[in-house]
*Asks:* 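I'd like to ask some things about the structure below.
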Amino acid sequence: MFKSFILAGCLLSSLATSAFAAQQTYVVGSGGTYRPFEYENNQKELEGFDIDIIKAIAKAENFNVKLVNTPWEGIFATLNSGDRDIIISGITITDKRQQMVDFSTPYFPAEQSIVVPADSKVDSVAALKGQKVGVVNSSTGDIVVSDELGKNSTDIKRFDNTPLMLQELSEDGIGAAVGDVGVVKYYIKSHPEKALKLVPDSKFQRQYFGIAVAKGNTELLGKINAGLKTIVADGTYAKIYANWFDNNVPTLPTK
């Protein structure tokens, strides 16, 4: 009987050890200045859409994450140095970046969009002619609007960031604005009293955010992709998206 207890104890210990080993912890770098994707709360903890997504992926794939606020400048280098295992920070997937890191399948569509008062007749980029239009300086929106209205058009007002631009729009200082769709959706959700609406246009190229790992880290990338697939399939992704933006949950590409 005593021997049976010893064997049982050893088995439980072995199972506990295996479970502990399975709960690997990965260090996640994320900037804290891009609301609503990632920002620091009053307790200096990171929160936001990206944070909820990586936590949900970790839960689905049975690993832990240690979140570290990481300045955007140099964030990619932290993967190559081994200081970070994963970075998720509103990172647009581009050919140039794919030469430095490996990206997950896309987790967020990141195109630009026009935002106007709810009663505006603007329905396209072309319809912005004759309007005072706000853009973020040197952004994709700036380029598209400049092509349409002329780079030196006095109807274009350039801002340092999207929140400043949207504030100007809400105060009737401009008639329309063009900005990152995620930031704009969050602003509209957070300020229903402003009565704003989004106007898409095919001239804004569809881009996507991806989660990055070091080049060649196929094992970790596989876990991230599998976790993302799981949370999309079981509805977790849709709940997170609706919490931060709206109920128009996008269909994500699988490659």
Side-chain angles (χ1 to χ4, degrees), residues 22-40 45-111 180-183 185-186 205-245 249-255:
Q23 286 282 341
Q24 187 166 358
T25 297
Y26 295 106
V27 180
V28 178
S30 188
T33 58
Y34 190 36
R35 190 185 294 261
F37 293 95
E38 47 273 326
Y39 61 94
E40 280 193 341
E45 299 169 333
L46 284 169
E47 60 180 60
F49 175 79
D50 283 357
I51 306 306
D52 288 349
I53 290 295
I54 196 61
K55 285 181 176 179
I57 288 172
K59 182 178 180 181
E61 283 298 296
N62 196 37
F63 63 81
N64 295 317
V65 290
K66 178 183 178 183
L67 299 164
V68 182
N69 193 339
T70 306
W72 175 257
E73 184 179 351
I75 196 170
F76 293 102
T78 64
L79 288 178
N80 297 325
S81 67
D83 290 334
R84 307 286 185 272
D85 300 303
I86 301 167
I87 53 175
I88 180 168
S89 196
I91 304 169
T92 303
I93 300 170
T94 65
D95 291 339
K96 183 177 180 180
R97 288 171 180 167
Q98 285 179 315
Q99 295 174 14
M100 299 185 294
V101 301
D102 285 340
F103 280 107
S104 68
T105 51
Y107 72 92
F108 189 85
E111 73 272 13
D180 294 340
V181 67
V183 179
K185 277 191 171 189
Y186 178 72
Q205 181 183 2
R206 171 59 63 92
Q207 295 179 304
Y208 291 95
F209 289 164
I211 303 166
V213 301
K215 267 289 183 187
N217 194 345
T218 55
E219 180 182 357
L220 179 53
L221 191 64
K223 290 181 182 180
I224 293 170
N225 283 335
L228 180 57
K229 185 176 181 180
T230 296
I231 67 171
V232 168
D234 69 13
T236 301
Y237 179 92
K239 290 178 181 178
I240 294 172
Y241 188 94
N243 180 56
W244 289 101
F245 304 110
V249 181
T251 299
L252 300 173
T254 57
K255 293 183 181 180

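In what follows, every heavy atom counts, from backbone to side chain, and hydrogens, waters and symmetry copies are set aside. We number each residue from 1, following the sequence as shown.
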*Asks:* Can you tell me how far the CD1 atom of I86 sits from the CD1 atom of I211, to the nearest 0.5 Å?
*Replies:*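 Nearest 0.5 Å value for the CD1-CD1 distance: 7.5 Å.
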*Asks:* Considering all heavy atoms of both residues, which atom of P106 and which atom of L228 are nearest to each other, and what is their separation?
*Replies:* O-CD2, 3.7 Å
*Asks:* Pair V28, K66 - check side chain to side chain contact (heavy atoms under 4.5 Å, CB included), show working.
*Replies:* CA-CA 6 Å; V28 178; K66 178 183 178 183; over 6 Å; no
*Asks:* Specify the closest pair of heavy atoms between Y39 and G48, including all atoms of both residues, with the distance to one decimal.
*Replies:* CE2-CA, 4.1 Å
*Asks:* For the residue pair N62 and Q23, confirm or rule out a side-chain donor-acceptor distance under 3.5 Å.
*Replies:*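 A pair is found: one side chain offers a donor N or O, the other an acceptor, under 3.5 Å apart.
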*Asks:* If every non-hydrogen atom of A226 is compared with every non-hydrogen atom of E61, which pair is closest and at what distance?
*Replies:* CB-OE2, 3.6 Å
*Asks:* Apply salt bridge (Lys or Arg N to Asp or Glu O under 4.0 Å) to K59 and list each qualifying residue two or more places apart in sequence or on a separate chain.
*Replies:* none
*Asks:* Which heavy atom of T25 sits nearest a heavy atom of V65, and at what distance?
*Replies:* CG2-C, 4.3 Å
*Asks:* Taking the six-membered ring for Trp, are Y237 and F49 parallel (under 30°), tilted (30 to 60°) or perpendicular (over 60°)?
*Replies:*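 Ring orientation, 0 to 90° scale: perpendicular.
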*Asks:* Run F245 and Y186 through side chain to side chain contact (heavy atoms under 4.5 Å, CB included) and show every step you take.
*Replies:* CA-CA 5 Å; F245 304 110; Y186 178 72; 4.3 Å; yes
*Asks:* Look only at the side chain of D52 and the backbone of I240, and say whether a donor-acceptor pair between them is shorter than 3.5 Å.
*Replies:* no
*Asks:* Who pairs with R206 by side chain to side chain donor-acceptor pair (under 3.5 Å), at least two apart in sequence or on another chain?
*Replies:*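 If we apply the side chain to side chain donor-acceptor pair (under 3.5 Å) test to R206, skipping adjacent residues, the hits are E111, Y208.
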*Asks:* Mind checking the CD1-NZ spacing from I88 to K55? Nearest 0.5 Å is all I need.
*Replies:*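 Those atoms lie 11.5 Å apart.
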*Asks:* Let's go through I57 and F63 carefully: what are the C-alpha distance in whole Å and the side-chain angles of both, what is the deciding distance for side chain to side chain contact (heavy atoms under 4.5 Å, CB included) to 0.1 Å, and is it a yes or a no?
*Replies:* CA-CA 9 Å; I57 288 172; F63 63 81; 4.2 Å; yes
*Asks:* Indicate the atoms forming the closest heavy-atom contact of R35 with V183, along with that distance.
*Replies:* O-CG2, 4.0 Å
*Asks:* I'd like to know whether L252 forms a side chain to side chain contact (heavy atoms under 4.5 Å, CB included) with T105, so could you lay out the CA-CA distance, the side-chain angles of the two residues, the decisive distance to 0.1 Å, and finally the verdict.
*Replies:* CA-CA 9 Å; L252 300 173; T105 51; over 6 Å; no
*Asks:* Closest heavy-atom contact between V101 and A212?
*Replies:* CG2-CB, 3.8 Å
*Asks:* Looking at A110, is its backbone amide N or carbonyl O close enough to the side chain of D180 to form a donor-acceptor pair, meaning the two atoms are under 3.5 Å apart?
*Replies:*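 Looks like no, no N/O pair under 3.5 Å.
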*Asks:* Under the salt bridge (Lys or Arg N to Asp or Glu O under 4.0 Å) rule, collect the residues that match up with D102, sequence neighbours excluded.
*Replies:* K215
*Asks:* Apply side chain to side chain donor-acceptor pair (under 3.5 Å) to K185 and list each qualifying residue two or more places apart in sequence or on a separate chain.
*Replies:*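 Partners of K185 by the side chain to side chain donor-acceptor pair (under 3.5 Å) criterion, ordered by chain and then number, come out as Y241, D246.
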*Asks:* Please round to the nearest 0.5 Å and tell me the distance separating atom CD of E38 and atom CD1 of I54.
*Replies:*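 Reported to 0.5 Å precision, the distance equals 11.5 Å.
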*Asks:* Would you say the side-chain atoms of T70 pair up with the backbone N or O of V68, donor to acceptor, closer than 3.5 Å?
*Replies:* yes
*Asks:* Between NZ of K223 and CG of N217, what distance do you get to the nearest 0.5 Å?
*Replies:*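 Between atom NZ of K223 and atom CG of N217 there are 9.0 Å.
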*Asks:* Return the OG to CH2 distance between S30 and W72, rounded to the nearest 0.5 Å.
*Replies:* 10.0 Å
*Asks:* Please answer whether the main-chain N or O of I75 pairs with a side-chain N or O of R84 as donor and acceptor at a distance below 3.5 Å.
*Replies:* no
*Asks:* Partners of Y107 by ring pair (Phe, Tyr, Trp, His ring centres under 6.0 Å), sequence neighbours excluded?
*Replies:*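 Ring pair (Phe, Tyr, Trp, His ring centres under 6.0 Å) list for Y107, sorted by chain: empty.
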*Asks:* Between F108 and F209, what is the ring plane arrangement, given parallel below 30°, perpendicular above 60°, and tilted in between?
*Replies:* parallel
*Asks:* Please enumerate all residues that pass salt bridge (Lys or Arg N to Asp or Glu O under 4.0 Å) together with E45, with sequence neighbours excluded.
*Replies:* none
